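Inspection log for the structure reproduced underneath, given as structure tokens.
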Amino acid sequence: LRLIKLFYNILENAYEALLKIENTNNRIINIKTEMLDNYIKLSFINTTITSVIDENIKTDKLDSISHGFGKTIISDILIDYDGFSNSYLTTEDNLSFYNLEIFLPLD
């Protein structure tokens with residue numbers, strides 16, 4: 001159930017970011033997997049309107065009391081599984097992409 005909650009929060013965050021993209025042709029999400037040493041790496045890449053990642057911002061929604069828990073839930077679950085994550089922005093063809101990589105140990 002914890003893994004379902006992990007992937008739900010990742011995909012919910014990506015979905016909400018995609019809804020902010022006005023041109024529906026620019027709503028892109030890619031999910032990739034890769035084996036690295038003793039980890040499975042899952043990459044979630046979606047278009048975003050954000051040009052800067054600010055880890056201190058909990059949410060960009062007006063109702064910050066009821067929102068902004070996804071990143072914390074993701075981090076907590078990864079810690080429970082001895083995993084970790086990286087996030088960064090890239091640009092391609094004048095589009096900004098949010099990249100979330102999660103690493104889960106194979107053992």
Side-chain angles (χ1 to χ4, degrees):
L1 287 175
R2 301 272 297 156
L3 288 175
I4 291 170
K5 191 173 187 179
L6 171 71
F7 293 116
Y8 170 81
N9 277 278
I10 291 170
L11 294 172
E12 179 72 15
N13 287 349
Y15 174 72
E16 289 180 5
L18 291 173
L19 290 178
K20 296 176 184 175
I21 306 294
E22 289 183 23
N23 183 345
T24 56
N25 292 328
N26 291 337
R27 292 179 181 172
I28 301 166
I29 185 167
N30 288 310
I31 302 171
K32 301 175 184 178
T33 60
E34 181 180 353
M35 302 292 274
L36 295 173
D37 298 322
N38 293 322
Y39 289 90
I40 183 165
K41 173 184 163 186
L42 295 104
S43 301
F44 301 86
I45 305 154
N46 58 273
T47 46
T48 184
I49 59 170
T50 304
S51 59
V52 175
I53 294 177
D54 186 345
E55 296 297 332
N56 297 320
I57 294 177
K58 196 171 141 182
T59 183
D60 61 356
K61 295 182 180 70
L62 294 176
D63 180 8
S64 61
I65 293 174
S66 300
H67 296 282
F69 300 103
K71 288 163 69 173
T72 302
I73 291 169
I74 291 165
S75 294
D76 289 347
I77 294 171
L78 288 174
I79 289 168
D80 288 348
Y81 284 96
D82 296 323
F84 61 95
S85 68
N86 293 320
S87 60
Y88 56 93
L89 292 172
T90 55
T91 305
E92 185 179 320
D93 298 327
N94 294 321
L95 296 174
S96 293
F97 290 89
Y98 180 79
N99 297 257
L100 174 65
E101 301 172 329
I102 65 168
F103 297 81
L104 294 167
L106 293 173
D107 54 5

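Numbers here simply count residues along the sequence, with the first being 1. Source: prediction; values computed, not measured.
One hydrophobic cluster, built from ILVMFWY side chains closer than 4.5 Å, cannot hold both L6 and Y15; they sit in different ones. Hydrophobic clustering (side-chain heavy atoms under 4.5 Å, transitive across Ile, Leu, Val, Met, Phe, Trp, Tyr) groups I77 together with L11. Note: the hydrophobic cluster containing I10 also contains L3 (ILVMFWY, side chain heavy atoms under 4.5 Å, direct or indirect links). Residues L19 and F44 do not share a hydrophobic cluster, defined by chaining ILVMFWY side chains whose heavy atoms lie under 4.5 Å apart. Taking hydrophobic clusters as Ile, Leu, Val, Met, Phe, Trp and Tyr residues chained together by side-chain heavy-atom distances below 4.5 Å, F97 does not share a cluster with I31.
One N or O on the side chain of T47 and one on the backbone of N26 form a donor-acceptor pair closer than 3.5 Å. Under a 3.5 Å cut-off, the side chain of N23 and the backbone N or O of N25 do form a donor-acceptor pair.
Using a 4.5 Å heavy-atom cutoff, the side chains of N38 and P105 are not in contact. You'll find the side chain of F7 reaches within 4.5 Å of the side chain of L42, heavy atoms only.
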I would like to know whether I49 and E22 meet side-chain contact (heavy atoms from CB on, under 4.5 Å); could you show each step before the answer? CA-CA 9 Å; I49 59 170; E22 289 183 23; over 6 Å; no
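With rounding to the nearest 0.5 Å, the separation of CG in L104 from NZ in K41 is 13.0 Å. For the atom pair OG1 of T33 and CD1 of I102, the computed distance is 11.0 Å after rounding to the nearest 0.5 Å. Remark: I45 CD1 to I29 CD1 distance equals 9.0 Å, nearest 0.5 Å. From E101, atom CD reaches atom NZ of K32 across 10.0 Å, with rounding to the nearest 0.5 Å. One distance of note links CD1 of I73 with OH of Y8; it measures 9.5 Å at 0.5 Å rounding. We find the OG-CD1 distance between S87 and I74 to be 9.5 Å, quoted to the nearest 0.5 Å.
In the hydrophobic clustering, L36 connects to Y39, F84, F103, either directly or through intervening members, whenever side-chain heavy atoms lie under 4.5 Å apart.
Within a 6.0 Å radius of CG in D37, other residues, nucleotides and ligands contribute 12 heavy atoms or fewer.
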